[in-house]
Amino acid sequence: MMRIFLALILLLTSCAVQVQPDLESLDQDKDGFIDDIDHFPLNMNEWEDADQDGIGNNADTDDDGDGCLDSADEFPLNPLECVDTDQDKIGNNTDTDDDGDGILDAVDDEPLNVNTPDQDGDGTPDSADSDKDGDGCLNANDAFTTNASECLDTDSDGIGNNADTDDDGDGVADGSDAFPLNSSESLDTDGDGVGNNSDTNDDGDACLDSVDGLPLSSTECLDTDGDGTGNNADADDDGDGCADGSDVLPLSSSECLDTDSDGVGNNTDTDDDGDGCTDGSDDWPLISTLCNDNDLDGVENGNDAFPNDATETADTDADGVGNNEDCNDGNANVSTDHHEICGNSVNDDCDGSTDEIGCVLQIVGGTFNMGDDSDGDGEGSLTSQVHDVTLSTFYLDKHEVTNALYKACVDASSCTAPSSSNLTYGVSAYNKLPIVFVNWTQASQYCTYAGKRLPTESEWEYAARNGATESTYAWGSSAPTTTLANYFDGTTFGFLQDVDQYSAGASTAGVFNLQGNASEWVFDFAGNYALTTDSTVTNPTGPASGQITTKIYRGGNFTTLSGLLQSKDRFAIDPATQSQVLGFRCASSTATKN
């Protein structure tokens, strides 16, 4: 525009010069511009200085001095304009729609771009669109306005929530986080919408967290013993080793039982069973019906026939043997404490059999004439003076003690073995032979083991002479024969025979082999008969020990001649002797063993 204006002036001037040739003097540099309007009157190459900077427009690269080089300045002589983006001849500084896109610059995100952006293609330019990326998230709330796949970035870590595995940055993955957008919460155990950090009852079991032993388990509240298993599932809530089902005080680790149900646990209670008998003196502190029970068999002492024997409580027949051991509670004469009585068909000793070897025969007491008066003067010899003896009823073994019976005593460690010279001992084929090669002490020990004793000399003779009958032999007065006894008949020596042989020679009471077979130890020391002033003696036991060192044996044996088989014949020997011909049988004062 300025250039057109100047050209018009130049044209007028030229016309004037032609009309008035004296005007030439008014254009000193002859550049066609009079000096009055020529900013450079002496420089024919310059005449205009639009920005008044002293540099003519021809030389000046920014004529209007607006900072926009003339080469790019669409308004080189207008210091207020430079660019005209939409070429509408109105500079951008003045133009309200620089790019001519119909969107005022004030709301145009790209006021110099005629192609208005519309990211989401919804027909609303981004500059006017409240959701540029069309993700449904308003720009004001969209942390990623140019990313349609992201909206929020809760933890501000630069990763949108859709891509972020921990939106709130609390260290709990979103998949496990009940509050993925709340960094102060992650769990909501009871699903009540209140996070566990804020919830006072995390598991919703009506048990506040402050008292809940398992605050994240809705099925548990208490964990009394702190073992990690709640009381509902714990078989021993208080951890005292007593299962809840049997624990009267299941929440007290110091108590389990309350036997008398008085509300005081047994550990504290001084009378657990409430029977009035304090625990310290109560033999059964947990049974209210029992207090004093010495043998702890469950029966009070006052009702226990055997208060010190736990295996027995009753004795129906009052025989001193408890019903458990007694095979016949209705018969006081039948029990394990009785000897087997021979010939009565009763199992007297409760061993399961009757009348076996080892049974005892009752020898009814009485008075008999004891001693030897071979010369018939009625006086007898000094050591065997004839005298009256009165005996009480006693019991005597029917048979001599056998190898088998003696071995049972050895096996029970109550007897010592016979001399090794006894080759029949311990051999089953010889079980019924009489035991021999035992001394007086061994014989006495066996009888004690069997609940008996050795017979006295007077008892032995009384039985062998059939009491007051005073027979010469056990079988009577007839001379010995080999069918009556096992003795030496003067021709051939025999040997020991089973103790139940020679029944024909048994005594009237039924005692076998009182003559022959094996000689038999008796209790007495050897010596003069102990006589009273009236020459009558009751139950004598022989001289006192120490007067004589030998012991009496009786009866003869399989090596004895018939002349020494009489019932009155006496023999003495050192009590330590062990002989092949010397055995024994036992006696007792009663049918019982004690």
Side-chain angles (χ1 to χ4, degrees), residues 339-340 357-361 363 394-426 430-464 486 496-500 511-527 540-543 545 548-560 569-589 593-594:
H339 296 295
E340 185 64 32
I357 290 174
C359 65
V360 296
L361 292 168
I363 309 298
F394 64 97
Y395 295 83
L396 187 67
D397 286 353
K398 181 176 182 177
H399 305 102
E400 295 164 320
V401 174
T402 64
N403 281 332
L405 290 173
Y406 190 83
K407 186 175 185 301
C409 181
V410 174
D411 292 343
S413 299
S414 295
C415 295
T416 56
S419 166
S420 59
S421 298
N422 188 343
L423 301 180
T424 66
Y425 173 77
Y430 301 125
N431 278 347
K432 292 173 64 175
L433 289 182
I435 183 70
V436 292
F437 285 107
V438 291
N439 59 36
W440 183 91
T441 298
Q442 290 175 301
S444 182
Q445 286 175 338
Y446 172 84
C447 290
T448 298
Y449 157 78
K452 308 174 189 178
R453 57 177 171 77
L454 286 173
T456 64
E457 183 181 9
S458 57
E459 288 174 334
W460 193 95
E461 185 172 328
Y462 182 80
N486 180 19
L496 290 172
Q497 299 298 315
D498 289 347
V499 298
D500 58 356
V511 183
F512 279 52
N513 291 306
L514 286 167
Q515 271 81 34
N517 211 25
S519 296
E520 301 173 13
W521 288 109
V522 295
F523 175 79
D524 307 50
F525 278 101
T541 58
S545 62
I548 302 293
T549 59
T550 57
K551 286 283 188 179
I552 296 293
Y553 68 92
R554 289 291 199 121
N557 55 71
F558 70 92
T559 68
T560 302
D569 290 331
R570 306 177 75 204
F571 307 94
I573 198 169
D574 186 329
T577 301
Q578 293 176 310
S579 168
Q580 66 174 334
V581 300
L582 191 52
F584 66 97
R585 75 179 71 228
C586 299
S588 60
S589 299
K593 295 181 181 179
N594 48 19

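Just the heavy atoms: all of them, side chains too, but no hydrogens, waters or symmetry mates, feed the values below.
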| What is the minimum heavy-atom distance between W440 and V522, and which atoms define it? | NE1-O, 2.9 Å
| request: Using atom types as modelled and distance alone, determine if a side-chain donor or acceptor of D498 lies under 3.5 Å from a backbone N or O of D500. | output: no
| Going from OH on Y446 to CZ on R453, what distance comes out if it is rounded to the nearest 0.5 angstrom? | 15.5 Å
| task | Verify, without hydrogens or angle tests, whether N422 (side chain) and V436 (backbone) share a donor-acceptor contact under 3.5 angstrom. | result | yes
| Greater than 12 external heavy atoms within 6.0 Å of F571's CZ | yes
| query | Got more than 12 heavy atoms from elsewhere within 6.0 Å of NZ, K407? | reply | no
| Short side-chain to backbone donor-acceptor contact, S519 and G556, under 3.5 Å | yes
| said: I want to check something: taking the side chain as every heavy atom from C-beta on, are F437 and Q580 in contact at a cut-off of under 4.5 Å? | reply: yes
| Hey, are the side chains of Q442 and I435 touching, using non-hydrogen atoms and a 4.5 Å cut-off? | no
| query | Heavy-atom distance under 4.5 Å between the side chains of F394 and P455, does that happen here? | reply | no
| query | Out of R585, H339, K452, which one pairs with D397 under the side-chain hydrogen bond (donor to acceptor under 3.5 Å, both in side chains) rule? | reply | K452
| query | Is any side-chain heavy atom of Y425 closer than 4.5 Å to a side-chain heavy atom of Y430? | reply | no
| said: Here's a test for you: under side-chain contact (heavy atoms from CB on, under 4.5 Å), which of E520, E400, Q497 qualifies with P434? | reply: E400
| Taking all non-hydrogen atoms of both residues, which atom of P575 and which atom of K551 are closest, and how far apart? | CB-CG, 3.6 Å
| remark: C586 and V401 have their tightest heavy-atom pair at SG-CG2, 4.2 Å
| field | Minimum side-chain heavy-atom gap E459-I363 below 4.5 Å | value | no
| field | Full working for side chain to side chain contact (heavy atoms under 4.5 Å, CB included) between W521 and T441 | value | CA-CA 10 Å; W521 288 109; T441 298; over 6 Å; no
| query | Counting only N and O atoms by type, is there a donor-acceptor contact under 3.5 Å from the side chain of Y462 to the main-chain atoms of E457? | reply | no
| Quick one: does N557's side chain get under 4.5 Å of N517's, heavy atoms only? | no
| said: Tell me which one of L582, D524, V581 satisfies side-chain contact (heavy atoms from CB on, under 4.5 Å) with Y553. | reply: L582
| field | Beyond-backbone contact of I357 with V499, side-chain heavy atoms, under 4.5 angstrom | value | yes
